[in-house]
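Protein chains get the first letters and strands the later ones, always in sequence-line order, with residue 1 at the start of each.
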Number of protein chains: 2
Amino acid sequence: MWTVSTSKSSKTETPGHYHHGNLRRALLEAGLERLESTQNPEFSLRELTRIVGVSVNAAYRHFASKEALLAAMAAEGFHRLVVEQAHAVQAHPDKGEGFAEAGRAYVNFARRHPALFRLMFSRFAATSPDREMHASAQLAYSGMLHSLAAVLDKPADDPEVKVGAIQAWSLVHGLSQLIIDGQVDSHTDNVDTLIDEVFKAKLETGFLQKQ
Amino acid sequence: MWTVSTSKSSKTETPGHYHHGNLRRALLEAGLERLESTQNPEFSLRELTRIVGVSVNAAYRHFASKEALLAAMAAEGFHRLVVEQAHAVQAHPDKGEGFAEAGRAYVNFARRHPALFRLMFSRFAATSPDREMHASAQLAYSGMLHSLAAVLDKPADDPEVKVGAIQAWSLVHGLSQLIIDGQVDSHTDNVDTLIDEVFKAKLETGFLQKQ
DNA sequence: GGATGGATGTGAGCAGTGTACACATTCATG
DNA sequence: CATGAATGTGTACACTGCTCACATCCATCC
């Protein structure tokens, strides 16, 4: 996808490509693809630079460390998640359904990209002072917060909305984690119907009831 | 704590200690302590053996790989979690309260041992074929399942119980994860009261209602 | 249009890692 | 007390993240 410009060509991409043609982006893509394609999500910086076809240290012109690369990948993951959730919300005229669908989208995102999902919430996500990543995560949260506020017809800073948002996020996040850990698979036949059941029960008895 | 037996002494511990005195246990303890005591939960096998005062490869007589050591540490974590939850359940005569208290114990375990908690649910927990660890995790799940079955006064294999258990586990697990990721801290003043609120809301409207 | 300086990529090298292999020591048991 | 198994040690190897000095390329200005 990202071809090296051997001498002077391939000016087809976005600006900011000096020798390689946006090496930063290429490394990110390679890393993300690596997460998707293999069983073992551990990878070395050297492996990525080998894939991209560049010397090891070229990476250090774009990322201060391997950790910084991982943080950028996580941020990209949050961006994609936010997009998918926004789509889910907008696809449903009924706000309650839209909110529930966003939850389903969350779980399915985790199922489709388990390694990326883990990366997004791994240790360094809490530790690293990466600004971009925290901003992305914040975006995901505030999106859900406002969606729930619309459902409950209350301001976003209403305590009930805040607690409800954390509750919903916890449920969805926990379910995602347990599923990708294979800790739910072993107890149920079909994960899809389980998700439906969990959500249905939630809808009937839980916080989505405007009471 | 684990002193090396220079020549022939320190037979004070459980059997199975040849040269060192249960090196396996010592490595586990060192690893767990390492997780508690430091900011950066990454550690090398060599570091652990240095702490214990033994050559690097001695560890390989007790663990097939570093991954196996991590799996054993995770299993130990599950054991401790199960113990704390059991205590929480038994401390309350009312079964519903006991169940809720077990949930609180779950969250607090994660808060007190964030690195260990992460390890227990990290990538390799799903990947690794470590039998002991999966057995321990299973134990945690079935304990909660039976506790909920008692609350609802239904058999443990009742679909409603199963769904409720996964729901409860998801909520508690997700909340734990979000808290230790610092993703909740930034939105609320006091985590403790938040937990109470989440649980209270759950108790009032959720699956704990016998309807 | 050619010089200049900053952005970008390269190569060698360092300390540290996980682990395999051959060997040494110690223990339980005959 | 000899023997074999269990346990610990030393050496070595391929690999890692990362630093430093150097090479290359591009945009820009005279």
Side-chain angles (χ1 to χ4, degrees), chain A residues 2-28 30-31 34 38 40-73 123-124 127-128 130, chain B residues 2-28 30-31 34 38 40-73 123-124 127-128 130:
Chain A
W2 292 97
T3 51
V4 182
S5 58
T6 46
S7 63
K8 46 162 71 179
S9 60
S10 86
K11 225 185 175 85
T12 56
E13 295 308 325
T14 54
H17 53 85
Y18 282 76
H19 301 56
H20 172 276
N22 211 343
L23 177 56
R24 180 190 159 90
R25 191 75 214 161
L27 287 170
L28 271 179
R34 180 65 170 67
T38 180
N40 180 6
E42 313 277 320
F43 60 83
S44 69
L45 207 53
R46 296 172 116 95
E47 183 182 350
L48 248 49
T49 58
R50 248 176 269 133
I51 292 174
V52 177
V54 90
S55 99
V56 188
N57 293 359
Y60 284 90
R61 300 291 169 188
H62 303 272
F63 301 98
S65 63
K66 183 186 180 184
E67 189 128 319
L69 206 197
L70 293 174
M73 287 170 58
R123 170 195 67 79
F124 88 95
T127 300
S128 143
D130 187 284
Chain B
W2 292 97
T3 52
V4 182
S5 58
T6 46
S7 63
K8 46 163 71 179
S9 61
S10 87
K11 224 181 174 93
T12 57
E13 293 309 324
T14 54
H17 52 86
Y18 283 78
H19 300 57
H20 171 276
N22 212 345
L23 176 56
R24 179 189 160 91
R25 192 73 215 165
L27 287 170
L28 271 179
R34 180 64 171 66
T38 181
N40 179 5
E42 314 275 321
F43 61 82
S44 69
L45 207 52
R46 296 171 116 93
E47 184 182 349
L48 248 49
T49 59
R50 249 177 269 133
I51 293 175
V52 177
V54 91
S55 99
V56 187
N57 292 1
Y60 284 89
R61 299 293 169 187
H62 303 272
F63 301 99
S65 64
K66 183 186 180 184
E67 188 127 321
L69 206 196
L70 294 174
M73 287 170 58
R123 170 196 67 79
F124 88 94
T127 299
S128 143
D130 187 285

A.B. asks: For A/L48 versus A/G31, what's the shortest heavy-atom pair and its separation?
C.D. replies: CD2-CA, 3.8 Å

A.B. asks: Closest heavy-atom contact between A/A30 and A/I51?
C.D. replies: CB-CG2, 4.4 Å

A.B. asks: Can you tell me the distance, in whole Å, between the CG atom of A/N22 and the P atom of C/dG9?
C.D. replies: 9 Å

A.B. asks: Should B/H62 be listed as having a side-chain N or O under 4.0 Å from OP1 or OP2 of D/dA6?
C.D. replies: no

A.B. asks: Whole angstrom is fine here: how far is it from CG in B/L48 over to P in C/dG16?
C.D. replies: 17 Å

A.B. asks: Write out all pairs satisfying salt bridge (charged side-chain N to carboxylate O under 4.0 Å, His left out) with one or both partners inside residues 42-62 of chain A, taking only residues at least two apart or from two chains.
C.D. replies: A/R34-A/E47, A/E42-B/R123

A.B. asks: Taking CG from B/L70 and C1' from C/dT17, how many angstroms apart are they, rounded to a whole number?
C.D. replies: 14 Å

A.B. asks: Please enumerate all residues that pass side chain to side chain contact (heavy atoms under 4.5 Å, CB included) together with A/F63, with sequence neighbours excluded.
C.D. replies: A/R24, A/L27, A/L28, A/A68, A/L69, A/A72

A.B. asks: For a quick check, with a 4.0 angstrom heavy-atom cut-off, what is the B/S/- contact string for nucleotides 15-21 of chain D, read 5' to 3'?
C.D. replies: -BBBBBB

A.B. asks: Which string of ( ) [ ] | and . matches DNA chain C, if you list each base 5' to 3' and count Watson-Crick or G-U pairs only when both distances are under 3.5 Å?
C.D. replies: ||||||||||||||||||||||||||||||

